[in-house]
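So the structure is just underneath, and the comments pick up after that.
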Protein chains: 2
Amino acid sequence: MTKLSLVYQDLKQKIDENVYHTDELLPSESKLSALYGASRDTIRKALERLRNEGYIQSQKGRGSVVINHQQYVFPVSGVISYKELMGRLSLSSVTHLEDQQQVTLPDCFKTLDPHMKSDKAYTRLVRQRVVNDEPVIIDIDYVDPKIVPSISKEVAENSLYEYFEHDLHLHIAYAKKEITVEPATALDQKLLDLPDGSMVAVVRSVTSLDDTSTFQYTESRHRADRFRFQEFARRS
Amino acid sequence: MTKLSLVYQDLKQKIDENVYHTDELLPSESKLSALYGASRDTIRKALERLRNEGYIQSQKGRGSVVINHQQYVFPVSGVISYKELMGRLSLSSVTHLEDQQQVTLPDCFKTLDPHMKSDKAYTRLVRQRVVNDEPVIIDIDYVDPKIVPSISKEVAENSLYEYFEHDLHLHIAYAKKEITVEPATALDQKLLDLPDGSMVAVVRSVTSLDDTSTFQYTESRHRADRFRFQEFARRS
DNA sequence: GAGTGGTCTAGACCACCAT
DNA sequence: TGGTGGTCTAGACCACTCC
């Protein structure tokens, strides 16, 4: 753990637990510097992260104010696994692996990754996510078999990311995402229990590692009436 | 212009114009430092911005690689005005002011701002956005009249943000946003030319100033078939 | 005038990559 | 082994807010 992350984590936790509450000023940067035994620069880097995530707003000559930040709903941005998200939201859910086979990539990822290879073989997983006995999401993943040679049913029904990072020691770095609204397919209707003519919200992502190699394409199909994405953004 | 933004802007432009192309390494931090006459720390801050926006990926011991970053489509995050966006996409569009009156806030913003005042008067604008002779978005804005006393038809049909920042000297700082998919209302059907039973993608935002005061609530209603949001995200 | 955050600098040490 | 990015420090000056 770096000193930076320690300061960042601690401040975030204290804001979450209302040790510092909304509309209040944090201690000044020099006070935090003394408190944590870190240089002002290190403190400032921690504060910058909190600013970017919507925890605080800094004002020249005054200090850093705690913002009434959102309870998490479903973040658009953030490269986070379904399992991690369920944990943060304190929800429990069940995942069913519906299908696994070798295929080539569908064209629907072309807008996200114009240079994708459409002749290369990928491992395709179809998983259904059930919350409170209701199916709400279908995840269709395409994983590069050169990087991830095999995926067991247990892994698929628990967490791909845990497996990738913990067991395979892959360093997931970033993703490009896209949200659209589309007519439900026959598969959607079957697995999400939808009537004919329904719409679904589709989140497609292309995920890359540290070394910029793209290794996973995901299509996440949500029941439209359960879809709610939230986001914090700063004016640049 | 600070030195930091100069370096950042220049590097960004050079990546956009393929002076540095995809999968290539940027000059090292110490070389950039010499090139721009700036300290390594200033260079690093500029590179960090580029990392966060999906322009580069840095690798310890190697350097910073240019990532094949996305052509802009429609960013989810980012506090950006419709006019600015049309400029970036090189699209031209026409805005019609459909209605303006004093009202109280509707409840639909409660999930974004639980502490909103539902008894306070706001200026409500209804605007229709037309691209290529087709209506694609309805924007419904609620603006705090204590901060923005009046809005002319010219301003409403050009750009609210230009007016807020340029003329009123307001410092727009951040926004919370939410995306949902909802049935089209009668107004949607009329202004977006939609058949009965259609769905629309709705982006609601709550926008705040420098001093953390909330001054604008926006409901942006998109034709579902024209809705495509893109986003870059990093694993934290 | 005292205190605050914003910008910028110069220097140090480390872990990692390439050769 | 030399060069790279990652972390951390100490100090300087500025613009701003608040009293």
Side-chain angles (χ1 to χ4, degrees), chain A residues 1-11 15 20 23-52 54-67 169-171 173-174 209-213 234-236, chain B residues 1-11 15 20 23-52 55-67 169-171 173-174 208-213 234-236:
Chain A
M1 218 40 156
T2 63
K3 203 175 264 194
L4 200 175
S5 344
L6 280 173
V7 175
Y8 161 76
Q9 299 280 0
D10 192 65
L11 287 174
I15 294 173
Y20 302 124
D23 294 337
E24 238 183 37
L25 289 174
L26 289 185
S28 72
E29 293 179 353
S30 56
K31 277 175 194 153
L32 289 172
S33 177
L35 266 173
Y36 288 101
S39 71
R40 187 179 160 217
D41 207 56
T42 301
I43 298 295
R44 279 186 60 75
K45 279 171 188 153
L47 294 180
E48 202 197 359
R49 281 208 212 167
L50 294 172
R51 266 194 298 278
N52 287 336
Y55 278 86
I56 60 171
Q57 169 71 19
S58 300
Q59 289 162 293
K60 205 189 286 188
R62 264 201 79 212
S64 291
V65 189
V66 176
I67 290 177
H169 303 290
L170 298 179
H171 300 290
Y174 58 90
L209 302 176
D210 244 7
D211 64 0
T212 75
S213 61
R234 290 203 159 270
R235 177 104 172 129
S236 54
Chain B
M1 222 32 159
T2 63
K3 204 176 263 193
L4 199 174
S5 351
L6 280 173
V7 174
Y8 161 77
Q9 300 279 0
D10 192 63
L11 287 174
I15 294 173
Y20 301 124
D23 294 335
E24 238 184 39
L25 290 173
L26 290 185
S28 72
E29 294 178 352
S30 57
K31 276 176 195 153
L32 289 173
S33 175
L35 266 173
Y36 288 103
S39 70
R40 186 178 161 219
D41 206 58
T42 301
I43 299 295
R44 280 187 59 75
K45 279 172 188 153
L47 293 180
E48 203 196 359
R49 281 207 211 169
L50 295 171
R51 266 195 298 278
N52 288 335
Y55 279 87
I56 61 173
Q57 170 71 19
S58 300
Q59 289 162 297
K60 206 190 284 190
R62 255 198 22 116
S64 291
V65 189
V66 176
I67 290 177
H169 304 291
L170 298 179
H171 301 290
Y174 58 90
S208 302
L209 302 177
D210 241 9
D211 62 1
T212 75
S213 60
R234 289 202 161 269
R235 175 104 173 127
S236 53

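Taking atom OH of residue B/Tyr8 and atom P of nucleotide C/dC8, one finds them 15 Å apart after rounding to whole Å. B/Asp41 has its CG atom 9 Å from the P atom of C/dT9, to the nearest Å. A/Arg44 has its CZ atom 13 Å from the P atom of C/dT4, to the nearest Å. When the P atom of D/dT9 is taken as reference, atom CD1 of A/Ile43 falls 9 Å away, rounded to whole Å. A/Asp210 places its CG atom 12 Å from the P atom of C/dC16, with the value rounded to the nearest Å. As rounded to whole Å, 13 Å separates atom P of D/dA12 from atom CZ of A/Arg40. Residue A/Lys60 contributes atom NZ, which lies 8 Å from atom C1' of C/dG5 at whole-angstrom precision. In this structure, NZ of A/Lys3 is placed 15 Å from C1' of D/dG6, rounded to the nearest angstrom.
Closest approach of A/Gly37 to A/Lys3, counting heavy atoms only: O-NZ, 3.1 Å. The two residues A/Leu47 and A/Ile56 come nearest to each other via the heavy atoms O-CD1, 3.6 Å. Minimum heavy-atom separation, B/Tyr174 to B/Leu209: CE2-O, 4.1 Å.
Counting distance only, with no hydrogens placed and no angle test, the side-chain atoms of B/Arg51 and the base atoms of D/dG5 include no donor-acceptor pair under 3.5 Å.
Both A/Gly61 and A/Leu4 lie near DNA chain D, and the one whose nearest nucleotide falls closer to the 5' end is A/Leu4.
The closest donor-acceptor contact from the side chain of B/Arg234 to the backbone of B/Arg51 lies under 3.5 Å. Under the 3.5 Å distance criterion, the side-chain polar atoms of A/Ser64 are left unmatched by any main-chain donor or acceptor of A/Gln57.
The nucleotide whose nearest atom lies closest to any side-chain atom of A/Arg62 is, among D/dC8, D/dC18, D/dT9, D/dC18. Checking C/dT9, C/dG5, D/dG6 against the side-chain heavy atoms of B/Ser58 singles out D/dG6 as nearest.
Using a 4.0 Å cut-off, some side-chain N or O of B/Thr42 falls inside it from OP1 or OP2 of C/dT9.
Pairs passing the salt bridge (charged side-chain N to carboxylate O under 4.0 Å, His left out) check and including a residue from residues 55-64 of chain A, sequence neighbours excluded, do not occur.
Residues from residues 25-34 of chain B with heavy atoms under 4.0 angstrom of DNA chain C: there are none.
In this model, no donor atom of one side chain and acceptor atom of the other lie less than 3.5 Å apart for A/Ser39 and A/Asp41.
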